[in-house]
Student: 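Just passing along the structure, written as structure tokens.
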Number of protein chains: 2
Amino acid sequence: MDNLLSQLPGYALRRAANTAMTRFTAMLAPLDVKITEAAIFMLIRESANLTSSKIGKELEIQRANMVPMLQRMEDAGWIQREAIDGKSQAIVLTAEGRTKAEEVAQTVEQFEAELLHRVPAQHRKHLLPALNAIWN
Amino acid sequence: MDNLLSQLPGYALRRAANTAMTRFTAMLAPLDVKITEAAIFMLIRESANLTSSKIGKELEIQRANMVPMLQRMEDAGWIQREAIDGKSQAIVLTAEGRTKAEEVAQTVEQFEAELLHRVPAQHRKHLLPALNAIWN
DNA sequence: ATTTATTGCTATCGTCAATAGCATTAATCA
DNA sequence: TGATTAATGCTATTGACGATAGCAATAAAT
């Protein structure tokens with residue numbers, strides 16, 4: 001009965017993403033970090049002088065939806081805003097935020113390793129290029 | 001800058017699913033059918049005497065979340081409930097629902113074909129087993 | 001200098017999934 | 001058989017994430 005739907009790549013994609021993200025959510029929970037915040041951490045950890053809209057463009061998160069994310073991250077003491085000009089503000093990690101970012105990076109690494117491990121070896125190297133072809 | 005995250009299978013999985021589901025949503029919109037409803041249609045189209053909780057188990061949708069779905073599908077005139085015993089009810093397609101189910105199935109086929117087409121040929125046959133390994 | 005684009009924001013909505021709890025009925029087993 | 005346990009369908013609420021429409025201020029472009 002399940003055969004039916006699990007023959008469909010689109011359905012499998014949805015289910016796989018769901019399963020993986022549930023797992024990732026659980027792994028991030030002890031850090032009190034959400035998935036999207038983890039992505040933001042990964043980004044600003046490596047690049048300085050990113051603004052909200054630059055991050056949004058990169059992660060394809062709309063400006064309007066960046067606001068509460070960054071607000072929470074600021075309230076948590078992880079990021080600070082620094083005026084670039086009268087319009088733009090750089091999103092900068094605080095000391096606490098840097099620590100959190102490293103913990104996140106470590107969790108990401110673990111999560112990604114687990115994920116790949118689930119995929120049979122003969123399919124493993126095809127996963128990333130296949131997925132990237134779907135959204136790029 | 002994107003290189004960073006798009007090296008991560010988990011991130012790619014999330015983005016790919018997102019892109020694909022956005023596309024699927026758009027394709028279903030003219031039918032006034034939502035993604036989860038499409039899955040339900042695909043299921044009850046092929047199996048008779050499914051109950052809400054059987055569908056839920058199959059699709060891993062919680063009982064509580066099945067309620068508004070089936071309610072909407074009933075209000076739309078696509079399904080009917082038929083008592084099996086004092087506790088369970090079969091979810092049955094109406095005539096209108098059968099038509100809708102066929103349209104959905106056709107849309108699914110189109111969507112799945114498009115999706116596979118996006119994946120470079122050399123990775124194509126690996127996608128389904130890789131994804132199924134992740135959630136199964 | 002004026003028009004256009006960008007930035008950050010408010011407010012609101014939609015989809016999907018999760019949790020906790022409840023009443024009714026069916027199934028189990030002592 | 002009678003009492004316990006499990007299953008079914010439901011209400012109510014919450015959370016994460018994404019989408020749209022619109023606004024005021026500022027920067028960039030012509």
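Model, not experiment: these values are computed from the prediction. Within every chain, numbering begins at 1; the chains are lettered A, B, ... in the order of the sequence lines, protein sequences first and strands thereafter.
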Student: OP1 or OP2 of C:dT7 sitting under 4.0 Å from any side-chain N/O of A:Ser88?
Tutor: no
Student: Taking N and O atoms by type only, does the side chain of A:Lys87 place a donor or acceptor under 3.5 Å from a partner on the base of C:dT6?
Tutor: yes
Student: Hey, what bend do you get for the helix from C:dA1-D:dT30 to C:dA30-D:dT1 if you fit axes on five pairs at each end, rounded to 10°?
Tutor: 30°
Student: Among the candidates C:dG8, D:dA12, D:dT8, find the nucleotide nearest to the side-chain atoms of B:Ala64.
Tutor: D:dA12
Student: Are OP1 or OP2 of C:dT7 and a side-chain N or O of A:Lys57 less than 4.0 angstrom apart?
Tutor: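 Yes, such a contact exists.
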Student: Under the side-chain hydrogen bond (donor to acceptor under 3.5 Å, both in side chains) criterion, do B:Thr36 and A:Arg14 qualify, and how do the steps go?
Tutor: CA-CA 11 Å; B:Thr36 311; A:Arg14 182 159 169 259; 3.1 Å; yes
Student: Kindly indicate whether the side chain of A:Phe24, heavy atoms from C-beta on, has any atom under 4.5 Å from the side chain of A:Val108.
Tutor: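 Counting from C-beta outward, A:Phe24 and A:Val108 do come under 4.5 Å.
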Student: Starting at atom CG of B:Leu50, determine the distance to atom P of D:dG9, rounded to an integer number of angstrom.
Tutor: 11 Å
Student: May I ask you to decide if B:Leu31's main-chain N or O and B:Glu103's side chain share a donor-acceptor pair within less than 3.5 Å?
Tutor: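 A pair under 3.5 Å: no.
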Student: Within this structure, what is the CG-to-P distance between B:Leu70 and D:dG9, rounded to whole angstrom?
Tutor: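 Rounded to whole Å, this separation is 9 Å.
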Student: Indicate yes or no for a side-chain donor-acceptor contact from B:Thr51 to the backbone of B:Ser88 under 3.5 Å, with no hydrogens or angles considered.
Tutor: no
Student: Who pairs with A:Leu116 by side-chain contact (heavy atoms from CB on, under 4.5 Å), at least two apart in sequence or on another chain?
Tutor: A:Arg124, A:Leu127, B:Pro9
Student: Are the side chain of B:Asn132 and the backbone of A:Ser6 linked by a donor-acceptor contact shorter than 3.5 Å?
Tutor: yes
Student: Could you tell me how the ring of B:His126 sits relative to the ring of A:His126: parallel (under 30°), tilted (30 to 60°) or perpendicular (over 60°)?
Tutor: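 The arrangement is parallel - the two ring planes meet at less than 30°.
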Student: Provide, to the nearest angstrom, the distance between the CD atom belonging to B:Gln71 and the P atom belonging to C:dC16.
Tutor: 17 Å
Student: So, do A:Ile91 and A:Leu70 sit near enough that their side-chain heavy atoms are less than 4.5 Å apart?
Tutor: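 In short, these two side chains touch, coming nearer than 4.5 Å.
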Student: To the nearest Å, give me how far apart CE (B:Met66) and C1' (C:dA18) are.
Tutor: 16 Å
Student: Of the nucleotides C:dT7, D:dT8, C:dC16, which has the atom closest to the B:Ile35 side chain?
Tutor: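 Shortest atom-to-atom distance from the side chain points to C:dC16.
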Student: Side chain of A:Ile61 only, heavy atoms from C-beta on: which candidate in C:dC9, D:dT20, D:dG18 is closest?
Tutor: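 Closest nucleotide among those given: D:dG18.
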Student: Only pairs at least two apart or in different chains count here, so list each salt bridge (Lys or Arg N to Asp or Glu O under 4.0 Å) that has a residue in residues 78-97 of chain B.
Tutor: B:Glu74-B:Arg81
Student: Where along residues 17-34 of chain B does a heavy atom come under 4.0 Å from DNA chain D, residue by residue in number order?
Tutor: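 Within this stretch, B:Asn18 sit under 4.0 Å of the strand.
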Student: Return no unless some side-chain N or O of A:Ser53 is found under 4.0 Å from OP1 or OP2 of C:dG8.
Tutor: yes
Student: Give the rounded distance in Å between these two atoms: CD of A:Glu37 and P of D:dG18.
Tutor: 12 Å
Student: Considering all heavy atoms of both residues, which atom of B:Leu59 and which atom of A:Arg15 are nearest to each other, and what is their separation?
Tutor: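 Smallest interatomic distance, heavy atoms only, reads O-NH1, 3.6 Å.
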Student: Tell me the interatomic distance from A:Gln62, atom CD, to C:dC9, atom C1', rounded to whole angstroms.
Tutor: 14 Å
Student: Tell me which nucleotide among D:dG9, D:dG18, D:dG22 gets nearest to the side chain of B:Ser52.
Tutor: D:dG9
Student: From the options C:dT19, C:dA18, D:dT8, select the nucleotide whose nearest atom is closest to the side chain of B:Asn65.
Tutor: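 Minimum distance to the B:Asn65 side chain belongs to C:dA18.
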Student: What residue pairs, at least two apart or across chains, pass salt bridge (Lys or Arg N to Asp or Glu O under 4.0 Å) with a residue in residues 30-48 of chain A?
Tutor: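 Counting only pairs at least two positions apart or across chains, the salt bridge (Lys or Arg N to Asp or Glu O under 4.0 Å) contacts touching residues 30-48 of chain A are A:Asp32-A:Arg72, A:Glu37-A:Arg72, A:Arg45-A:Glu102.
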Student: Under 3.5 Å, side chain of B:Thr107 to main-chain N/O of B:Met27, donor-acceptor pair present?
Tutor: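 Checking the backbone N and O of B:Met27 against the side chain of B:Thr107, no donor-acceptor pair under 3.5 Å is found.
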Student: Tell me: CE of B:Met69 to P of D:dT11, nearest whole Å?
Tutor: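 In whole Å, D:dT11 P and B:Met69 CE are 14 Å from each other.
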Student: Check B:Leu93 against B:Ala101 and note the closest heavy-atom contact, atom names and distance.
Tutor: CD1-CB, 4.1 Å
Student: B:Arg72 near the nucleic acid: base, sugar-phosphate alone, or nothing, with a heavy-atom cut-off under 4.0 Å?
Tutor: nothing
Student: May I ask you to list the residues of residues 76-86 of chain A, by number, that have any heavy atom positioned under 4.0 Å from an atom of DNA chain D?
Tutor: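 Only A:Asp85, A:Gly86 qualify.
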Student: Nearest whole angstrom, please: distance from the C1' of D:dG18 to the CD1 of A:Ile55.
Tutor: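 So the two atoms are 17 Å apart, to the nearest Å.
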